[in-house]
Enquirer: 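Quick one: the structure is below, and I'll ask about it shortly.
Keep in mind it's a predicted model, so treat the numbers as computed, not measured. In what follows, chains carry the letters A, B, and so on, assigned in the order in which the sequence lines appear, proteins first and then strands, with residues in each chain numbered from 1.
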Amino acid sequence: MRGLVLRKRMRFVLRNSNIGRICPFRPGPFMHLSKYFLPVLKEAPREAEIVSHQLMLRAGMIRQQSAGIYSWLPLGLKVLRKVEQIVREEQNRAGAVEVLMPTIQSADLWRESGRYDDYGKEMLRITDRHERDMLFGPTNEEMITDIFRSYVRSYKDLPLNLYHIQWKFRDEVRPRFGVMRGREFLMKDAYSFDLDEAGARTAYYRMFVSYLRTFDRLGVKAIPMRADTGPIGGDLSHEFLILADTGESEVFCHKSYLDLQAPDAGVDYGNDDLIAGIVGDWTAAYAGTDEVHDEAEWMKIPADERVNARGIEIGHIFNFGTKYSEPMGAKVTGPDGKDHVVHMGSYGIGPSRVVAALIEAGHDENGIVWPASAAPFDVGLINLRQGDEATDAACADLYSQMQNAGLDPLYDDTDNRAGGKFALADLIGLPWQLIVGPRGLKAGEVELKNRASGERESLTMEAAMNRLTAWRSQMKARYGG
RNA sequence: CGGGGCAUGGCGCAGUCUGGUAGCGCACCUGGUUUGGGACCAGGGGGUCGCAAGUUCGAAUCUUGCUGCCCCGACCA
């Protein structure tokens with residue numbers, strides 16, 4: 001049994017590497033389901049309680065390896081990478097610069113900030129062979145501050161915002177809900193450095209706007225809410241929450257948030273007034289989680305304009321002044337020739353949690369409904385009669401047409417029956433299903449199904465391709481992707 | 001960290017009370033018939049029943065200890 005599985009997987013690897021050699025200019029291996037690795041489950045494992053966890057397991061996206069620790073299987077990894085890339089592009093657009101810091105850190109840095117003792121059991125502490133105290137990083141304020149102080153000497157090098165996207169480990173007392181609250185999780189954490197408080201505030205606003213754009217691109221309505229600064233400290237903090245019934249926090253906000261439009265890709269991050277204005281628009285009305293909820297303010301809103309719901313936190317931004325720069329000596333020389341302790345902020349998004357949150361926000365009884373930007377593939381090409389000469393040829397033709405048009409299709413070329421293929425396509429939630437069968441082909445038609453609306457339409461192959469390429473251009477125009 | 005629960009093939013479960021050497025559905029393999037919303041027939045493979053010790057002629061089942069996992073609460077991307 002095990003041998004068979006291994007042989008199958010070996011064959012898969014070999015096939016794909018061969019394709020890579022034969023077609024070196026293809027962006028990736030051909031995505032034929034028969035040669036992919038998509039271990040789907042008909043029934044959800046019992047331990048999965050919430051719908052995103054169930055669907056991620058059923059759709060073969062993740063595998064639990066230990067409490068709160070997961071392997072990412074091909075389909076899940078593809079979504080994770082897409083989320084990560086959108087986050088990256090929007091960070092870059094806002095002027096942040098990517099670095100990559102290690103997962104393992106030395107305890108010494110944390111002793112400098114005083115957090116080695118404060119952080120408690122949530123921090124996984126490790127001893128290396130030389131008996132040195134190390135730790136698996138739960139966050140990177142200390143390390144980034146160390147990098148900053150090692151190189152930056154002048155106010156002329158500010159403002160600076162460095163970020164990375166790296167695995168974190170927090171030894172949560174109680175991991176749960178799959179990757180929604182894992183112990184190991186992927187986080188984008190950005191850190192801003194400014195000469196003074198005003199500069200830090202502007203840096204904070206830029207990240208605020210960057211987050212609005214990021215979540216808009218991910219197809220979710222994220223509402224910024226005033227938040228507790230918690231153990232990280234500081235006086236300015238917002239959480240970004242998406243509304244979902246399974247959310248962990250109770251949220252209270254004015255319904256006007258549901259209609260606000262995120263700024264478009266051309267937003268000028270160099271225009272401080274513009275950026276501050278956008279933040280103003282997005283903070284004018286009441287919005288808060290149960291932690292900071294102000295019942296008196298809330299009651300001032302007319303009852304029919306109140307939104308009281310559950311929310312999932314997918315981003316959190318902090319301005320914490322000199323909390324780390326002071327004890328760690330991160331200073332620059334100012335225009336006045338004197339040393340100034342830099343003002344800092346940190347800005348986090350958890351892409352691994354976002355993947356689960358997207359499912360919480362987008363699913364139905366048949367499975368996942370991905371937003372276009374994060375879907376693992378654009379189109380599921382469904383061959384209803386594998387082995388039939390005409391349908392095989394039509395599928396091969398459509399497949400290469402889609403590739404040439406910049407679409408990313410997954411071709412279900414297995415010899416499963418129609419019902420199984422439909423069920424699978426619905427489960428993994430690709431935006432489109434292009435259905436090709438002998439019956440339709442006789443009439444010169446294929447079927448195009450929209451996963452979100454469920455609408456199915458019979459049309460010629462040419463018309464179907466036009467529809468798909470138009471959709472792709474529309475996405476590209478909207479997001480510049 | 002407090003409270004509760006679970007652990008039997010890849011997944012979902014029965015069997016445990018009342019001890020007699022492991023079963024069902026799905027999945028998987030072979031052959032055949034099928035093929036537009038999770039097909040059918042026939043045959044087949046796969047499980048030290050979480051681990052350890054104990055009681056017993058005999059333990060999935062009883063006892064003790066351990067481990068893992070899940071749920072509720074307090075905390076967090």
Enquirer: Using only side-chain N and O atoms of A/S66, determine if any of them is under 4.0 Å from OP1 or OP2 of B/rG68.
Expert: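 No.
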Enquirer: Between B/rG10 atom C1' and A/F37 atom CZ, what is the distance in whole Å?
Expert: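 It works out to 11 Å between those atoms.
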Enquirer: Measure from the side chain of A/E172, starting at C-beta and using heavy atoms only, and say which of B/rC11, B/rA77, B/rC1 lies closest.
Expert: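 Minimum distance to the A/E172 side chain belongs to B/rA77.
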Enquirer: Applying a 4.0 Å non-hydrogen cut-off, can you work out what A/G419 is touching in the nucleic acid: base, sugar-phosphate, or nothing?
Expert: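 Sugar-phosphate: the residue A/G419, judged by heavy atoms under 4.0 Å, touches backbone atoms but no base.
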Enquirer: How is A/R439 classified with respect to the nucleic acid when contacts are heavy atoms under 4.0 Å: base, sugar-phosphate, or nothing?
Expert: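 The answer is base, as A/R439 lies within the cut-off (heavy atoms under 4.0 Å) of a base atom.
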Enquirer: For residues A/H238 and A/F208, establish whether the separation of their ring centroids is below 6.0 Å.
Expert: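 Yes, they do, as the ring centres are separated by less than 6.0 Å.
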Enquirer: Report the residue from A/Q85, A/Q91, A/E90 that forms a side-chain hydrogen bond (donor to acceptor under 3.5 Å, both in side chains) with A/R88.
Expert: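 The side-chain hydrogen bond (donor to acceptor under 3.5 Å, both in side chains) with A/R88 is passed solely by A/Q85 among A/Q85, A/Q91, A/E90.
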Enquirer: Whole Å only: how far is the CD atom of A/Q54 from the P atom of B/rC71?
Expert: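 Distance, rounded to whole Å: 11 Å.
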Enquirer: Charged N to carboxylate O below 4.0 Å: is that the case for A/D364 and A/R451?
Expert: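 Answer for the salt bridge query: yes.
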Enquirer: Does A/K42 place a side-chain N or O at less than 4.0 Å from the phosphate oxygens OP1/OP2 of B/rA27?
Expert: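 So the side chain of A/K42 is within the cut-off, an N or O lying under 4.0 Å from OP1 or OP2 of B/rA27.
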Enquirer: Using a heavy-atom cut-off of 4.0 Å across all strands, would you classify A/R183 as base, sugar-phosphate, or nothing?
Expert: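 The answer is nothing, as A/R183 stays clear of every strand by at least 4.0 Å.
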Enquirer: Taking B/rA59 as the reference, what is the distance to B/rG19 when you measure between their C1' atoms (whole Å, please)?
Expert: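 So the two C1' atoms sit 6 Å from each other.
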Enquirer: Starting at CZ of A/R176 and ending at C1' of B/rC69, how long is that distance when rounded to a whole Å?
Expert: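 Rounded to the whole Å, the gap is 15 Å.
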Enquirer: Suppose we define a pair by two distances each less than 3.5 Å, Watson-Crick or G-U wobble; what does B/rA7 pair with here?
Expert: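 B/rU67 - that is the nucleotide pairing with B/rA7, both distances being under 3.5 Å.
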Enquirer: Give me the distance, rounded to whole Å, that separates B/rG23 from B/rC28 when you measure between the P atoms they each carry.
Expert: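 Pairwise P distance, B/rG23 against B/rC28, rounds to 22 Å.
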Enquirer: Centroid separation under 6.0 Å, is that true for the rings of A/Y119 and A/W110?
Expert: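 Between A/W110 and A/Y119, the centre distance is under 6.0 Å.
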Enquirer: When we call it a touch if two heavy atoms are under 4.0 Å apart, what does A/G182 touch: a base, just sugar-phosphate, or nothing?
Expert: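 The residue A/G182 makes base contact.
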Enquirer: State whether A/R467 and A/E457 are salt-bridged, where the test is any N-O pair (Lys NZ or Arg NE/NH1/NH2 against Asp/Glu carboxylate O) under 4.0 Å.
Expert: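 Result for this pair is yes, salt bridge flagged.
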Enquirer: Just compare B/rA77, B/rG37, B/rC11 and give me whichever is closest to any side-chain atom of A/R170.
Expert: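 So the side chain of A/R170 is nearest to B/rA77.
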Enquirer: Salt bridge or not between A/R111 and A/D108? Use side-chain N to carboxylate O under 4.0 Å.
Expert: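 Salt bridge: yes.
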Enquirer: What is the distance, to the nearest angstrom, from the CD atom on A/E239 to the C1' atom on B/rC75?
Expert: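 To the nearest whole Å, that distance equals 13 Å.
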Enquirer: Just name whichever nucleotide pairs with B/rG73, Watson-Crick or G-U, keeping both distances under 3.5 Å, else none.
Expert: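 The answer is B/rC1, by the H-bond criterion.
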Enquirer: Which of the following nucleotides, B/rA74, B/rC75, B/rG12, is nearest to the side chain of A/E122?
Expert: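 Closest of the options to the side chain of A/E122: B/rC75.
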Enquirer: Is there a side-chain contact between A/K121 and the phosphate of B/rC1, meaning an N or O under 4.0 Å from OP1 or OP2?
Expert: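 So the side-chain polar atoms of A/K121 do come within 4.0 Å of the phosphate oxygens OP1 or OP2 of B/rC1, strictly under.
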Enquirer: Searching all strands shown, indicate the nucleotide that pairs with B/rU55 (Watson-Crick or G-U wobble; both distances under 3.5 Å).
Expert: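 B/rU55 is paired with nothing.
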Enquirer: Which whole-number value in Å describes the distance from A/Y70 OH to B/rC69 C1'?
Expert: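 That distance rounds to 10 Å.
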Enquirer: Tell me whether the side-chain N or O atoms of A/N416 pair up with the base of B/rG38 as donor and acceptor below 3.5 Å, since no angle test is needed here.
Expert: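 No such pair is found, so the answer is no.
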Enquirer: Hey, does A/G348 reach any base, or is it just sugar-phosphate, or nothing, if we go heavy atoms under 4.0 Å?
Expert: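 The residue A/G348 makes no contact with any strand.
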Enquirer: Looking only at the side chain of A/H316 (C-beta and beyond, no hydrogens), which of the listed nucleotides B/rC11, B/rG37, B/rA77 gets closest?
Expert: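 Of all the options, the side chain of A/H316 is nearest to B/rA77.
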Enquirer: Measuring only the C1' atom in each nucleotide, how far is B/rG58 from B/rA39? A whole number of Å is fine.
Expert: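 Going atom to atom, C1' in each nucleotide, I get 45 Å.
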Enquirer: Which whole-number value in Å describes the distance from A/L57 CG to B/rG10 C1'?
Expert: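 For the pair A/L57 CG and B/rG10 C1', the rounded distance is 13 Å.
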Enquirer: Can you tell me how far C1' of B/rG37 sits from CD of A/E455, to the nearest Å?
Expert: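 After rounding, the reported distance stands at 18 Å.
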Enquirer: Quote, to the nearest angstrom, the P distance that separates B/rG45 from B/rA22.
Expert: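 Going atom to atom, P in each nucleotide, I get 15 Å.
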Enquirer: Please name the nucleotide paired to B/rG23 by Watson-Crick or G-U wobble geometry with both distances under 3.5 Å, or report none.
Expert: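 Because both required distances fall under 3.5 Å, B/rG23 counts as paired with B/rC13.
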Enquirer: As a test of reading the structure: which of B/rG38, B/rC69, B/rC71 is closest to the side chain of A/A67, going by heavy atoms?
Expert: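 That would be B/rC69.
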Enquirer: Paired with B/rA42 by Watson-Crick or G-U wobble geometry, both distances under 3.5 Å: which nucleotide is it?
Expert: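 Pairing partner, where one exists within any strand: B/rU30.
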Enquirer: Using a heavy-atom cut-off of 4.0 Å across all strands, would you classify A/L384 as base, sugar-phosphate, or nothing?
Expert: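 Counting heavy atoms under 4.0 Å across all strands, the contact made by A/L384 includes a base.
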Enquirer: Measure from CD on A/E313 to P on B/rC75 and round the result to the nearest Å.
Expert: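 Distance, rounded to whole Å: 14 Å.
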Enquirer: Is there a Watson-Crick or G-U wobble partner for B/rG37 with both distances under 3.5 Å, and if so, which one is it?
Expert: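 Matched B/rG37 with nothing under the 3.5 Å cut-off.
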Enquirer: Do A/H254 and A/Y286 have their ring centres less than 6.0 Å from each other?
Expert: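 Not under 6.0 Å, so no.
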Enquirer: Classify the side chain of A/E47 versus the base of B/rG68 as yes if they form a donor-acceptor pair under 3.5 Å and no if they do not.
Expert: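 Per atom types, no contact qualifies.
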Enquirer: Would you indicate which nucleotide in B/rC11, B/rU35, B/rA77 comes nearest to any side-chain atom of A/F185?
Expert: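 Of all the options, the side chain of A/F185 is nearest to B/rA77.
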Enquirer: Would a line drawn from the ring center of A/Y324 to the ring center of A/F193 be shorter than 6.0 Å?
Expert: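 Not under 6.0 Å, so no.
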Enquirer: Determine, stepwise, if the pair A/E89 / A/N92 fulfils side chain to side chain donor-acceptor pair (under 3.5 Å).
Expert: CA-CA 5 Å; A/E89 287 172 14; A/N92 294 345; over 6 Å; no
Enquirer: Answer with base, sugar-phosphate or nothing: what part of the nucleic acid does A/A48 contact at a heavy-atom distance below 4.0 Å?
Expert: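 Result for A/A48 = nothing.
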Enquirer: Using a heavy-atom cut-off of under 4.0 Å over every strand shown, decide if A/P39 touches base, sugar-phosphate, or nothing.
Expert: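 Answer is nothing: A/P39 stays at 4.0 Å or more from every strand.
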Enquirer: Per the atom types in the model, does the base of B/rG10 pair as donor or acceptor with the side chain of A/R63 at under 3.5 Å?
Expert: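 No such pair is found, so the answer is no.
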Enquirer: Which of the following nucleotides, B/rA39, B/rC75, B/rC1, is nearest to the side chain of A/R417?
Expert: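 Nucleotide nearest to A/R417's side chain: B/rA39.
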Enquirer: The side chain of A/Q64 lies closest to which of these nucleotides: B/rA74, B/rC70, B/rG37?
Expert: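 Closest of the options to the side chain of A/Q64: B/rC70.
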Enquirer: What distance, rounded to whole Å, do you find between the two C1' atoms, one in B/rA74 and one in B/rG12?
Expert: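 Those two atoms are separated by 33 Å.
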Enquirer: Tell me whether the ring of A/F422 lies stacked over the B/rG38 base, given a 5.5 Å limit on centroids and a 30° limit on the plane angle.
Expert: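 A/F422 ring does not meet the centre or angle cut-off for B/rG38; no stack.
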Enquirer: Is A/R46 near enough to B/rC11 that one of its side-chain N or O atoms lies under 4.0 angstrom from OP1 or OP2?
Expert: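 No, outside the criterion.
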